[in-house]
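Chain identifiers are assigned alphabetically (A, B, ...) following the order of the sequence lines, protein sequences preceding nucleic acid strands; residue numbering begins at 1 within each chain. Remember, it's a predicted structure, so these values are computed and weren't measured experimentally.
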Amino acid sequence: ERSRKRTHQRRLCCGCCDSDCGHVTLRRRRRARRRRRRRTRRRRRRSDLACQQEQGRKRTRGTRMSERKDNIIELWEATYRMEPSKLERFMPHQVNAIIKEAMQELLADAQWDGQGCQQLSQKLCRVVKERVKQLHIPRYKLVLQSVIGQVKGQGAYVASRCLWDTATDNYASYSFKNQSIFCTLMVFGLYLE
Amino acid sequence: MDDFQQPEETTISPEEVTVIVKDAVDSVVGGNVQYDHLRVGQWINNIIETSMKKLTALNKPFKFVVTCIIMKKTGAGLHTASSTHWDITADNLYCHKEESNKYLYCITTVYWTAL
């Protein structure tokens with residue numbers, strides 16, 4: 001076998017000349033280069049697989065595991081998704097329940113107070129926003145607006161109008177009233193394409 | 001070949017929205033109009049419709065949410081608060097308070113989010 005190998009090596013390279021022209025070394029170098037490329041490709045495939053298993057997504061070209069340092073720039077593969085899946089949408093009934101619960105917790109015994117109600121309206125917004133974020137609806141932007149007013153027998157009208165994609169975007173709202181204050185909270189969920 | 005959008009085409013400045021909302025509100029409840037519970041629904045409709053039309057006429061790739069609150073002035077207090085979860089570089093809001101009318105409060109808020 002060794003002798004066979006040698007004869008292979010000694011064979012003519014391209015048929016350009018009749019004798020042993022020394023192009024043999026070129027062939028050996030090419031073969032070695034091919035072997036090296038195969039090795040790196042195998043290594044890359046293994047690390048891609050490891051990355052996919054770890055993080056659940058494919059890594060795009062150009063980001064090696066070994067090259068990642070503190071400033072990580074994550075390149076995400078395109079999902080080719082045109083709209084959210086049926087389970088990952090803004091569900092008004094879920095968000096309504098959240099708002100109702102939060103209002104009953106924070107406003108059940110509340111009395112009108114100029115400074116206090118300012119903090120209360122901001123707190124209500126913050127609390128409801130955190131709870132809606134915990135629903136983990138991906139790629140949705142949230143806009144919340146709360147209105148707290150004193151009850152003195154006056155009339156008030158709160159309305160909203162939106163320009164959005166009706167298939168993906170929605171809103172939820174709830175109104176609460178007790179002896180001294182009335183409150184309305186509106187949550188709008190806007191899909192980010 | 002260069003198809004990159006200029007920043008003016010992909011952002012909305014609050015100044016543009018100020019002008020639009022101010023015009024819409026002044027045309028409906030400006031000039032000391034008294035609070036009328038039967039007509040307030042229509043006023044709000046008009047304010048919001050006018051603002052929406054002018055915002056869409058800007059022709060920019062944004063989604064809009066316009067809210068309007070009208071309340072009679074009786075000495076009662078009113079607070080509005082807002083909280084958002086969005087991209088602060090692309091999205092913004094503008095809140096307009098009508099102060100010239102002495103019979104009612106009118107607070108109009110416009111939120112715009114990038115597509």
Novice: Is it the case that more than 12 heavy atoms not belonging to A/Lys100 sit under 6.0 Å from its NZ atom?
Specialist: no
Novice: Closest heavy-atom contact between A/Arg161 and B/Ile48?
Specialist: CB-CG2, 2.9 Å
Novice: Is the shortest side-chain N to carboxylate O distance from A/Lys141 to B/Asp91 below 4.0 Å?
Specialist: yes
Novice: Once you round to the nearest 0.5 Å, how far does CD of A/Glu130 lie from NE2 of B/His85?
Specialist: 9.0 Å
Novice: Quiz question: by atom type and distance under 3.5 Å, do the side chains of B/Thr67 and A/Gln145 form a donor-acceptor pair?
Specialist: yes
Novice: Do A/Tyr191 and A/Val187 share a hydrophobic cluster (ILVMFWY, side-chain heavy atoms under 4.5 Å, transitive)?
Specialist: yes
Novice: Measure B/Thr108 against the heavy atoms of chain A and call it side chain, backbone, both or neither at under 4.5 Å.
Specialist: neither
Novice: Is A/Val158 linked to B/Val65 within one hydrophobic cluster, defined over Ile, Leu, Val, Met, Phe, Trp and Tyr using a side-chain heavy-atom separation of less than 4.5 Å?
Specialist: yes
Novice: So which of A/Tyr157, A/Trp112, A/Tyr140, A/Trp164 has the largest heavy-atom pair count under 4.5 angstrom toward chain B?
Specialist: A/Tyr157
Novice: In terms of hydrophobic clustering (I, L, V, M, F, W, Y; side-chain heavy atoms under 4.5 Å; direct or indirect links), are B/Leu58 and B/Met52 co-clustered?
Specialist: yes
Novice: Can you tell me how far apart CH2 (B/Trp86) and CG (A/Leu192) are? Round to the nearest 0.5 Å.
Specialist: 13.0 Å
Novice: Please classify the contact of A/Phe188 with chain B as side chain, backbone, both or neither, using a heavy-atom distance under 4.5 Å.
Specialist: side chain
Novice: Between B/Asn45, B/Ile107, B/Leu93, which shows the greatest number of heavy-atom pairs under 4.5 Å with chain A?
Specialist: B/Asn45
Novice: Is chain A contacted by the side chain of B/Tyr35, its backbone, both, or neither, given a heavy-atom distance below 4.5 Å?
Specialist: side chain
Novice: Give a yes or no on whether A/Glu105 atom CD has more than 12 heavy-atom contacts from other residues, nucleotides or ligands under 6.0 Å away.
Specialist: yes
Novice: In terms of heavy-atom proximity below 4.5 Å to chain B, should A/Tyr171 be classed as side chain, backbone, both, or neither?
Specialist: neither
Novice: Atom CG of A/Leu163 and atom NZ of B/Lys63: how far apart are they, to the nearest 0.5 Å?
Specialist: 9.5 Å
Novice: Atom NZ of residue position B/Lys73 - does it have more than 12 heavy atoms of other residues, nucleotides or ligands inside 6.0 Å?
Specialist: yes
Novice: Does B/Arg39 CZ have over 12 foreign heavy atoms under 6.0 Å away?
Specialist: no
Novice: Where the side chain of B/Ser82 meets the backbone of A/Leu144, is there a donor-acceptor pair that is under 3.5 Å apart?
Specialist: yes
Novice: Answer whether the closest heavy-atom distance between the side chains of A/Phe182 and B/Leu78 falls below 4.5 Å.
Specialist: yes
Novice: Taking A/Ser121, A/Gly149, A/Gly153, A/Cys162 one by one, which has the highest count of heavy-atom pairs under 4.5 Å against chain B?
Specialist: A/Cys162
Novice: Checking B/His79 side chain against A/Gly114 main chain: does a donor-acceptor pair fall under 3.5 Å?
Specialist: yes
Novice: Using a 4.5 angstrom heavy-atom cutoff, name the option from B/Tyr111, B/Trp112, B/Trp43 with the most pairs to chain A.
Specialist: B/Tyr111
Novice: From B/Met71 CE over to A/Lys152 NZ, what is the distance, rounded to the nearest 0.5 angstrom?
Specialist: 10.0 Å
Novice: Do A/Leu185 and A/Ile137 belong together in a cluster built from hydrophobic side chains that touch within less than 4.5 Å?
Specialist: yes
Novice: Quick one: of A/Met186, A/Gln122, A/Gln118, who has the most non-hydrogen atom pairs under 4.5 Å with chain B?
Specialist: A/Gln118
Novice: Minimum heavy-atom separation for A/Lys129 and B/Ser83, please, with both atom names.
Specialist: CD-OG, 3.0 Å
Novice: Just checking B/Asn32: does its CG atom have more than 12 heavy atoms from other residues, nucleotides or ligands closer to it than 6.0 angstrom?
Specialist: yes
Novice: Top residue by heavy-atom pair count (under 4.5 Å) with chain A, among B/Thr84, B/Ile47, B/Ile44?
Specialist: B/Thr84
Novice: Would you find more than 12 non-hydrogen atoms of other residues, nucleotides or ligands less than 6.0 Å from B/Gln42 atom CD?
Specialist: no
Novice: Linking I/L/V/M/F/W/Y whenever any side-chain heavy atoms sit under 4.5 Å apart, do A/Ile98 and A/Leu142 land together?
Specialist: yes
Novice: Out of B/Ile70, B/Leu115, B/Leu104, which one racks up the most heavy-atom pairs below 4.5 Å with chain A?
Specialist: B/Ile70
